Protein chains: 2
Amino acid sequence: MEHFDDALARKLEAFERLGDLEMEKLRELQSKRVQIAGGNEIGYQAASARGAYILRRGWACSYKRLRDGSRQIIDIHIPGDFLGVRSLLLRSSNYSFITLTDVEVAKVTVEALREMFQTAPKLAVAFLWAASRDEALVVEHLVSVGRRGALERTAHFLLELGARLHLIGCGTGDSYECPISQAVLSDTLGMTTIHLNRVLRQLREIGLVVFREGMVKFPDIQRAAEFTGFELGYLDHSRRS
Amino acid sequence: MEHFDDALARKLEAFERLGDLEMEKLRELQSKRVQIAGGNEIGYQAASARGAYILRRGWACSYKRLRDGSRQIIDIHIPGDFLGVRSLLLRSSNYSFITLTDVEVAKVTVEALREMFQTAPKLAVAFLWAASRDEALVVEHLVSVGRRGALERTAHFLLELGARLHLIGCGTGDSYECPISQAVLSDTLGMTTIHLNRVLRQLREIGLVVFREGMVKFPDIQRAAEFTGFELGYLDHSRRS
DNA sequence: CGAAGCGTTGAGTATAATCAATTCTGGTGG
DNA sequence: CCACCAGAATTGATTATACTCAACGCTTCG
């Protein structure tokens, strides 16, 4: 029953049922584990030893810092997420990863990936699906930042995050632990910390979202989804491609 | 010398030198060509017959429309770009494609792709590189919309577009034909048409970018790059992975 | 000629950023 | 135990940025 401490397995199972072979390969792939404390760069040792990581425990984020010191967070990463697949092929990955909490990651080499692709094609397809989904998340994020107002955008993001967490077995569906600061969230949503703070207060007052003491709660998740126009289509939860 | 009317070949060559085999496969892959007039949806016939396209001539864009009628353009597509690779695996591609000019596309089936991956692995790697690059473009776009001011954002996007065009042999390096309306550009950059119009006027007055009559010109491209903090790292022009 | 699409401009408003402080918390060391 | 500190959250006042509403000029096209 390795399933239930392995967020990645859970996530991939949402796409395709995995047999013993796949579970075994998945475990193998995640054998080189590393613990990293919160607030540290991931994988920035030698540019040559570039590789991908699987986030097993804790939260991280990918971001880009601009000349003026501001930063845009591309995506918040939760257990079961890949980090750095893009940079495997693209020489100049122009952004970085930092841990938001203490984490455990598994380092994945290109060779291990290649091996996995050949011996467990079913798993390979599931991986590609996950990669597509991650890209769809970025696209949705772009849409949010470009065209949604601050209230809508904030609530939408927190809903999406809740859905992602639920998929890997975290949270209750209308609430979850959320160990990130307002500064991190504001850099994700493309606004000032101060402004986000006011937005969060409004959302609390309206009774749509309560973000407090490391917890996110939706008093009326139906109404919140309606308010933000949240559809989980692009998360693609249902089985079958 | 098929090279020089094939934007895709040019683009991939920037990553890896292609031999006769690869050129042949590339031609094969693009044999099913279709002409589409400007302002039309691409590939929205039957959801079942989903597939990818290679844009051979003309411009298009991918976008998502929101409930309130507004839209966010994810990316502007120029010759040599793929359309719809994401949606091959992800059942619910939540966005659409529309042509901005008359175009010629080549329809690519999953089978043809698979065949190409097996018989021309060099080409396969180049394809994956291109896909990674496209994703990096979206990421950069997100950063722009989230953290750059309107002036900077607009100039940055036009510079990037120029670099992409130059790679496939269009434009002179500091000017290019740009057949898109201000409405399209503003939906790309996440602002109002009206506001974009004023921004463009300012950019013209400062002498950074001139966007006029379907042409984009940079009177002093060095200064423009400096102003916007433009780096072409993520476009990854140089040969070698 | 009128209609439609695109670009342009002005005036007023809304939204979000900036500057400046204050509170609250958990940790640290005396 | 308390004083102190740093980080995070919060509030107010002011300014800047971008949106809305309303028009008008220009071109193209039927």
Side-chain angles (χ1 to χ4, degrees), chain A residues 37-40 59 61 66 68-73 98-102 144-158 177-206 209-216, chain B residues 37-40 59 66 68-73 98-102 144-158 178-206 209-216:
Chain A
N40 282 97
W59 292 33
C61 71
L66 301 190
D68 65 358
S70 65
R71 69 169 176 177
Q72 175 65 45
I73 290 180
I98 195 169
T99 58
L100 297 173
T101 68
D102 295 352
S144 246
V145 174
R147 283 298 179 211
R148 287 195 247 255
L151 272 175
E152 200 185 343
R153 178 157 87 243
T154 304
H156 187 276
F157 180 78
L158 293 175
E177 282 186 57
C178 185
I180 64 178
S181 70
Q182 293 188 4
V184 167
L185 190 54
S186 63
D187 278 347
T188 304
L189 295 171
M191 49 181 137
T192 307
T193 311
I194 299 176
H195 191 55
L196 172 69
N197 182 277
R198 292 183 233 256
V199 167
L200 287 174
R201 174 154 53 86
Q202 267 194 275
L203 287 173
R204 200 184 314 134
E205 284 167 0
I206 314 175
V209 188
V210 182
F211 182 99
R212 249 184 190 294
E213 293 156 17
M215 285 290 291
V216 173
Chain B
N40 283 96
W59 292 32
L66 302 189
D68 65 358
S70 65
R71 70 169 174 175
Q72 175 65 44
I73 291 181
I98 195 169
T99 59
L100 298 173
T101 68
D102 295 351
S144 246
V145 174
R147 284 297 178 211
R148 286 194 249 254
L151 273 175
E152 200 185 343
R153 177 156 89 246
T154 305
H156 187 277
F157 180 79
L158 292 174
C178 184
I180 64 178
S181 70
Q182 294 188 2
V184 167
L185 190 53
S186 63
D187 278 349
T188 304
L189 296 171
M191 49 182 136
T192 307
T193 310
I194 298 176
H195 191 55
L196 173 68
N197 183 277
R198 292 184 234 256
V199 167
L200 287 174
R201 175 154 52 86
Q202 266 194 276
L203 286 173
R204 200 184 313 133
E205 285 168 0
I206 314 175
V209 189
V210 181
F211 181 99
R212 248 183 191 297
E213 293 156 18
M215 285 291 290
V216 173

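Lettering follows sequence order; numbering is per chain, from 1. Given the structure is predicted, the values throughout are model-derived calculations rather than measurements.
When every heavy atom of B/S144 is checked against every heavy atom of B/H156, the shortest pair comes out as OG-ND1, 4.0 Å.
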Under 4.0 Å protein heavy-atom contacts per nucleotide of nucleotides 8-26 of chain C, with B for base, S for backbone only and - for none: BBBB----BSBBB------
Would A/V210 and A/V216 satisfy side-chain contact (heavy atoms from CB on, under 4.5 Å), going step by step from the backbone distance to the final call? CA-CA 6 Å; A/V210 182; A/V216 173; over 6 Å; no
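Atoms CZ and NE2, on A/R198 and A/H195 in that order, are 8.5 Å from each other to the nearest 0.5 Å.
Considering A/L158, A/V199, A/T154 as possible partners of A/F211, the one that fulfils the side chain to side chain contact (heavy atoms under 4.5 Å, CB included) test is A/L158.
Side-chain contact between B/Q72 and A/R148: absent, with no pair of heavy atoms (C-beta onward) separated by less than 4.5 Å.
For CD of A/E213, the number of neighbouring non-hydrogen atoms (other residues, nucleotides, ligands) closer than 6.0 Å is 12 at most.
Chain A approaches DNA chain D over the interval D/dA9 to D/dA13, counting the first and last nucleotide 5' to 3' with an atom under 4.0 Å from its heavy atoms.
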Show every donor-acceptor pair shorter than 3.5 Å between a side-chain atom in residues 177-192 of chain A and any protein atom, with sequence neighbours excluded, or say none if there are none.
unit_1 : atom_1 : unit_2 : atom_2 : d
A/S181 : OG     : A/A183 : N      : 3.4
A/S181 : OG     : A/V184 : N      : 3.3
A/Q182 : OE1    : A/N197 : ND2    : 3.0
A/S186 : OG     : A/Q182 : O      : 3.1
A/S186 : OG     : A/A183 : O      : 2.8
A/S186 : OG     : A/T193 : OG1    : 3.4
A/D187 : OD1    : B/R147 : NH2    : 2.8
A/D187 : OD2    : A/R71  : NE     : 2.6
A/T188 : OG1    : A/V184 : O      : 2.9

